[in-house]
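Here is how names work: the chains are called A, B, and so on, in the same order as the sequence lines, proteins then strands, and each is numbered from 1.
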Amino acid sequence: MIHPMKKKLKAFPAYDPAAIENKWQKKWTSKKIYKTKEDSRKEKFYVLDMFPYPSGEGLHVGHPKGYIATDIVSRFQRMNGKSVLHPMGFDAFGLPAENYALKTQTHPEIGVKKNVARYKKQLEILGFDYDWSREINTTDPAYYRWTQWIFLQLFKKGLAYQSFEPINWCPSCKTGLANEDLEDGRCERCGTPVEKKPLRQWVLKITDYADRLLNDLDAKANDKSILDWPEAIKESQRNWIGKSEGALIQFQISNSKESSNTQRNVEVFSTRPDTLFGVTYVVLAPEHTLVQELLSTVLNRGEVEEYISKAKLETEIERTDAKKDKTGVELKGIKVINPVNKAEIPVWISDYVLADYGTGAVMAVPAHDERDWAFAKKFKLPIKEVIAPLFVSEYSSDAWRSNEPEVIRPTVVCIIKHWSENKYLFLNKKGLADLGKDIVVGVAGGVDGDESYEKAGMREILEETGYKNARFVKSLGNPVVYRYYSKNGNQNRMALLHPLYFELIDGDHVEISEEEKKLHETIWLSEDEIGTYLAGRPFNPIFWERFKGNADAFTDYGMLINSGSFDGKTSAEVKRSITEYAGGSLKTTYKLRDWVFSRQRYWGEPMPLIHCEKCGVVAVPEKDLPVKLPKVTSYEPTGTGESPLVAITKWVNVKCPQCKGKAKRETNTMPQWAGSSWYYLRYMDAKNTKALVSAKNEKYWSPVDLYIGGAEHATRHLIYARFWHKFLFDIGVVSTIEPFKKLQSVGLIMGEDGRKMGKRYGNVVNPDDIVATYGADTLRLYEMFMGPFEQQIAWSTSSMVGSRRFIEKVWKLREKIDENGTTPTTNLAITKSVHRAIKKVTDDIQGLRFNTAISALMIAINEIDANSSIAREHYESILKLLAPFAPHATEELWISLGNKKSIHVSTWPKYDPAQVIDTEITIIVQVNGKVRGSFVVATDCSNADLELKAKSLPETQKWIEGKKVVKVIVVPKRLVNIVVV
RNA sequence: GCCCGGGUGGUGAAAUUGGUAAACACGUAACACUUAAAAUGUUAUCUUCGUAAGGAGUUGUGGGUUCGAUUCCCACCCCGGGCACCA
């Protein structure tokens, strides 16, 4: 066969990113190749970044990581024929911009403009494919008109209400804050500990949506989970919403002292109504309204008032520190009645009870709650056990059998001390069938007839160990319940294990019976060795802790004791019935609080409300929106609980839209999170002046298919946005119940020193500098290659050269294009390499595994580079695969090959399934699980042939010679394992 | 304390329906090219014993299941994150 002479391409300039990147960015913009259209013939794909908050510091290399990922996905989807929406905008209202303005003495509007321009420039040099015609800015009146519109709808539906409750107040930022804006009791912005301050404020009723926000995290639609979100973020939201199901119980105040004619109750919320018989006192939060009402009848009024005022002075951090000592005061002279047993019990106030959770009052069950336990111990209040620990045998040989009757069996379990040494006597029980090994247990046995526990214990000690002289010291408390199946008795048993403590007086003992010997042998354990005993049975640790005097509240579920007719039932069984018996009702509460929506600051969306002297609070008519933020020269926060807007009388004083009488505008502004709670909708129809989004566009683009951003927004932006979206769904503005179908969090890029990248550590790497030295394509490639996308990784400028070398390798490979090879058959090996790369890169981009997609490309390039030439078609396929990652270099190469249209509007390559299947495969040969050799065979080689071949290898022979082959495991296409003895 | 992630060479990491651990890349070393350096290329690079052939060990620790475990099970240690006096 005659080889055609290879016609090589003309010489081509060396790779110089500076010479091509800016050129292509301009061309792409002028040719509008990224212009987004609502094309009904095409499938849509909406890929979204969490839009940035433009600070004065500009972007560092960590910021674009997520943007690079969405850029790759959007280019990939476009090349796959989708109509792609990949927009960008800016979130610029709120404290950071305003505080920056105050510091630099420039109006926030000017600062924001400057910062946005800088951010845009930084983004542009990275070559992103944003359609800037849909850019939004939350501070633009044309945008916040719709933020105000949504607020008005919330107001009209009663979901925005005025409240005067004490809220979190940051004394440094001089504004009220939502719970979500706190970090460990401090202002998330400035780190100042927050105070509680009563304030007139607007609050959004997010709690109305608590259940849906929780349930829809796992909602199913069309047989698949509609929320493809990282489990960690879902879990954070579940924690934040904090649903707990319990009961409301009334404790009637007994009126023995005063002749009061109104019957008063203390209402408590508890998740453990099963412990009601163990309630020995009730605790109210110091702020509880009932406390003020009862004050006149309290005998120690002075003491109580003093405690209340002291509690008020505490910061939230001090108050909610779980580690601090419990404090409290009894309301002397006040008693309440436990509804289940009519016991008269005392009432206390303590700051460990939170006023704004549940009912602000708790029923204290010290035996079964750690906090109540600590409180009762400190104030010497009675502790009454009502839940016995309950264990079910975990061994299959004596597992509970549902078709057999259950018999209650009083039993004793003994801890026995040596007569002179610090050792304890146990039994080493031989061979439980399904354990195959011994376990260590205490001396134990059933109580016969009306025998006392002490007597039963002594009898068992004699029978099982032979020791004659045991002295009963004490009982170790209430029984523990153990359910198992007795093979001897052919019955399920509910053993009530009474723990007893004995000491041997001397070593005098007799031989134990042969029968007993077969079952176990006696064993002495020192305290160090006691661990083997603890592992023997699940209840052993409980007995031991009791013996050592370390036992505290038992907080698990179990079996009821000392609870009247409920005795013998499990916690789960009685939850409802005991609640009803107590006259209470089941109730669900949430940790999630309503969203404090007012900020007493200048730089935010004005609330479109008017306070009229006659009509009260009146909504600004929709036609008058937006209510523009007035331009002012002084916007310093007042600190009085009023916004600085109060001073702008020209703006504040208006006519009431209803009665035309005197009225004032609402001067509170919205929080930073308002604009970002719906911005993803605006991109769908950014220029619409009639609606926040047209129904048509909303239907076309919803929901967001892929949303990428930082995990730090898990319990703020992502909860708020879901809340607003659900509300907009309810009023018919949007068509989906969730806004973001797939969410992916970006792992932070840390500084080279491993610390968070930021000005304060002086470890900031500026992307502009990296682009100037290495080029945007290298930066993009490196950030995606660093490691798994969601993982936090330290930046390393020196590692970046690998990515640059890779692009240069691709660049140089252009010389090897064989222009004569008109069909892609130049080289079979290359064909396979390319098709494998197409498959892997395609799969990995879809799975957001960018690091392995790039490594697959590197492998392909290395394989191709080892050959002397490459077919043009293959080279172009590789360029296309690389195009989303390195858009500039690939475009330059693509166009240089004579292509007329941009590579970014070309079609993504398809792989031939036949080309990704191997015809030959390496089979591993193991002897006793250790790799001893390998051989190459055709993929379809039969198992018998594989075995034969494996055995005949000289490497194998060496290991099986003179041994007996017991077993041969053949795994087709993988390995042969020969087991010999 | 509870709940989520995670722990693999000198470094970033790859590999999971259980089947050759360390792909790809950085770094390092030697060699080639060069007057020289850089760049580039070639080779080597988990640890350990051995001149070598070859052996042994190794995925946080300790057990278990299995012919075979980074992968599954049990217990524990460490790191990151969320919640936390939430009754």
For [N] versus [M], give the span between their [atom1] atoms, rounded off to a whole number of Å.
| N | M | atom1 | answer |
| --- | --- | --- | --- |
| B:U45 | B:A39 | C1' | 22 Å |
| B:A69 | B:G62 | C1' | 15 Å |
| B:U17 | B:U71 | C1' | 11 Å |
| B:G10 | B:G80 | P | 22 Å |
| B:U70 | B:U20 | C1' | 14 Å |
| B:A15 | B:G6 | P | 13 Å |
| B:G19 | B:C72 | P | 11 Å |
| B:C49 | B:A32 | P | 30 Å |

For this session: With A:F885 as reference, evaluate A:D777, A:L781, A:I68 under the side chain to side chain contact (heavy atoms under 4.5 Å, CB included) test and give the passing residue.
Result: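 It is A:L781; the other options fail the test.
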Problem set entry | For A:Y15, side-chain hydrogen bond (donor to acceptor under 3.5 Å, both in side chains) partners two or more places apart |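 Once residues adjacent in sequence are excluded, A:Y15 has no partner under the side-chain hydrogen bond (donor to acceptor under 3.5 Å, both in side chains) criterion.
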Problem set entry | Ring centre gap for A:F806 and A:F785 strictly below 6.0 Å |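 For A:F806 and A:F785, the ring centres are not under 6.0 Å apart.
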Exercise. With a 4.0 Å cut-off on heavy atoms, is A:V365 in touch with a base, just the backbone sugar-phosphate, or nothing at all?
Worked result: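 Result for A:V365 = nothing.
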For this session: Using a heavy-atom cut-off of under 4.0 Å over every strand shown, decide if A:K958 touches base, sugar-phosphate, or nothing.
Result: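 Result for A:K958 = sugar-phosphate.
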Exercise. Which parts of nucleotides 2-20 of chain B does protein reach within less than 4.0 Å, heavy atoms only, written one letter per nucleotide 5' to 3' as B for base, S for sugar-phosphate only and - for none?
Worked result: -SS-------BSS----BB
For this session: Please list all pairs passing the side chain to side chain donor-acceptor pair (under 3.5 Å) test where one or both residues lie in residues 782-792 of chain A, with sequence neighbours left out.
Result: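 Not a single pair qualifies under side chain to side chain donor-acceptor pair (under 3.5 Å).
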Exercise. Counting only distance, no hydrogens or angles, is the base of B:C83 paired donor-acceptor with the side chain of A:K591 under 3.5 Å?
Worked result: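 Check fails, no donor-acceptor contact within cut-off.
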Problem set entry | Contacts of type side chain to side chain contact (heavy atoms under 4.5 Å, CB included), residue A:S236, not counting sequence neighbours |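 A:A714, A:T715.
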Problem set entry | For A:A247, all residues meeting side chain to side chain contact (heavy atoms under 4.5 Å, CB included), sequence neighbours excluded |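 So A:A247 forms a side chain to side chain contact (heavy atoms under 4.5 Å, CB included) with A:I249, A:P273, A:T579, A:L586.
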For this session: For residues A:R593 and A:I206, report the shortest heavy-atom separation together with the two atoms involved.
Result: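 Closest heavy-atom pair between A:R593 and A:I206: O-CG2, 3.3 Å.
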Exercise. What is the base-pairing partner of B:U66, counting Watson-Crick and G-U wobble geometry with both distances under 3.5 Å?
Worked result: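 Partner of B:U66: none found under 3.5 Å.
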For this session: For B:U20, give its Watson-Crick or G-U wobble partner with both distances under 3.5 Å, or none.
Result: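 Across all strands, not a single nucleotide pairs with B:U20.
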Given atom [atom1] of [X] and atom [atom2] of [N], what is their separation to the nearest angstrom?
| X | N | atom1 | atom2 | value |
| --- | --- | --- | --- | --- |
| A:L182 | B:C83 | CG | P | 11 Å |
| A:K243 | B:A87 | NZ | P | 13 Å |
| A:D369 | B:G1 | CG | C1' | 13 Å |
| A:E188 | B:C83 | CD | P | 12 Å |
| A:E180 | B:G82 | CD | C1' | 14 Å |
| A:E370 | B:G1 | CD | P | 10 Å |
| A:R804 | B:G27 | CZ | C1' | 20 Å |
| A:K378 | B:C85 | NZ | P | 18 Å |

Identify all pairs in which a protein N or O lies below 3.5 Å from an N or O of nucleotides 72-78 of chain B, and state each distance.
none

Exercise. Residues in salt bridge (Lys or Arg N to Asp or Glu O under 4.0 Å) with A:K832, at least two apart?
Worked result: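 Per chain and number, A:K832 pairs via salt bridge (Lys or Arg N to Asp or Glu O under 4.0 Å) with no residue.
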Exercise. How would you list, by chain and number, every residue that makes a salt bridge (Lys or Arg N to Asp or Glu O under 4.0 Å) with A:K812, sequence neighbours excluded?
Worked result: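 Salt bridge (Lys or Arg N to Asp or Glu O under 4.0 Å) list for A:K812, sorted by chain: empty.
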Exercise. Does A:Y357 make a side-chain N or O approach to OP1 or OP2 of B:A87 shorter than 4.0 Å?
Worked result: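 Looking at the OP1 and OP2 atoms of B:A87, one of them is under 4.0 Å from a side-chain N or O of A:Y357.
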Exercise. Should A:S236 be listed as having a side-chain N or O under 4.0 Å from OP1 or OP2 of B:C83?
Worked result: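 False: A:S236 side-chain N/O out of range (4.0 Å or more) of B:C83 OP1/OP2.
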Problem set entry | First encountered from the 5' end of RNA chain B, between A:D372 and A:S798 |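 The answer here is A:S798.
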For this session: Report, as yes or no, whether the 6.0 Å neighbourhood of atom NZ on A:K973 holds more than 12 heavy atoms from other residues, nucleotides or ligands.
Result: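 At most 12 heavy atoms, drawn from other residues, nucleotides or ligands, come within 6.0 Å of this atom.
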Problem set entry | A:D556 atom CG, over 12 foreign heavy atoms within 6.0 Å |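 Yes, because the 6.0 Å sphere around CG of A:D556 holds more than 12 heavy atoms from other groups.
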Exercise. Would you say the side-chain atoms of A:D918 and A:T939 include a donor-acceptor pair closer than 3.5 Å?
Worked result: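 Judged by distance alone, the side chains do not pair up.
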Could you list all N or O pairs between the protein and nucleotides 39-46 of chain B that sit under 3.5 Å apart?
{"residue": "B:U40", "atom": "OP1", "partner": "A:R805", "partner atom": "NE", "Å": "3.3"}

Problem set entry | Donor-acceptor contact present, side-chain A:R932 to main-chain A:E955, <3.5 Å |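 No: the side chain of A:R932 does not pair with the backbone of A:E955.
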Short heteroatom pairs, N/O only, protein and nucleotides 56-60 of chain B, under 3.5 Å:
{"residue": "B:A56", "atom": "OP1", "partner": "A:R932", "partner atom": "NH2", "Å": "3.3"}
{"residue": "B:A56", "atom": "OP2", "partner": "A:R932", "partner atom": "NH1", "Å": "3.2"}
{"residue": "B:G57", "atom": "OP2", "partner": "A:K930", "partner atom": "NZ", "Å": "3.2"}

Problem set entry | B:G63: syn or anti, per glycosidic angle within 90° of 0 |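 Base orientation relative to the sugar is anti.
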Problem set entry | Any residue meeting ring pair (Phe, Tyr, Trp, His ring centres under 6.0 Å) with A:F539, in chain and number order, not counting sequence neighbours |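 A:F539: ring pair (Phe, Tyr, Trp, His ring centres under 6.0 Å) contacts with A:Y482, A:F543.
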Could you go through residues 361-370 of chain A and list every donor-acceptor pair under 3.5 Å that involves a side-chain atom there, pairing it with any protein atom two or more places apart or in another chain?
{"residue": "A:H368", "atom": "ND1", "partner": "A:F554", "partner atom": "O", "Å": "2.8"}
{"residue": "A:H368", "atom": "NE2", "partner": "A:V386", "partner atom": "N", "Å": "3.0"}
{"residue": "A:H368", "atom": "NE2", "partner": "A:I387", "partner atom": "N", "Å": "3.0"}
{"residue": "A:D369", "atom": "OD1", "partner": "A:R371", "partner atom": "N", "Å": "2.9"}
{"residue": "A:D369", "atom": "OD1", "partner": "A:R371", "partner atom": "NE", "Å": "3.2"}
{"residue": "A:D369", "atom": "OD1", "partner": "A:D372", "partner atom": "N", "Å": "3.0"}
{"residue": "A:D369", "atom": "OD2", "partner": "A:R371", "partner atom": "NH2", "Å": "2.5"}

Problem set entry | Option from A:D211, A:T588, A:T589 for which side-chain hydrogen bond (donor to acceptor under 3.5 Å, both in side chains) with A:K243 holds |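 When side-chain hydrogen bond (donor to acceptor under 3.5 Å, both in side chains) is applied between A:K243 and each of A:D211, A:T588, A:T589, only A:D211 qualifies.
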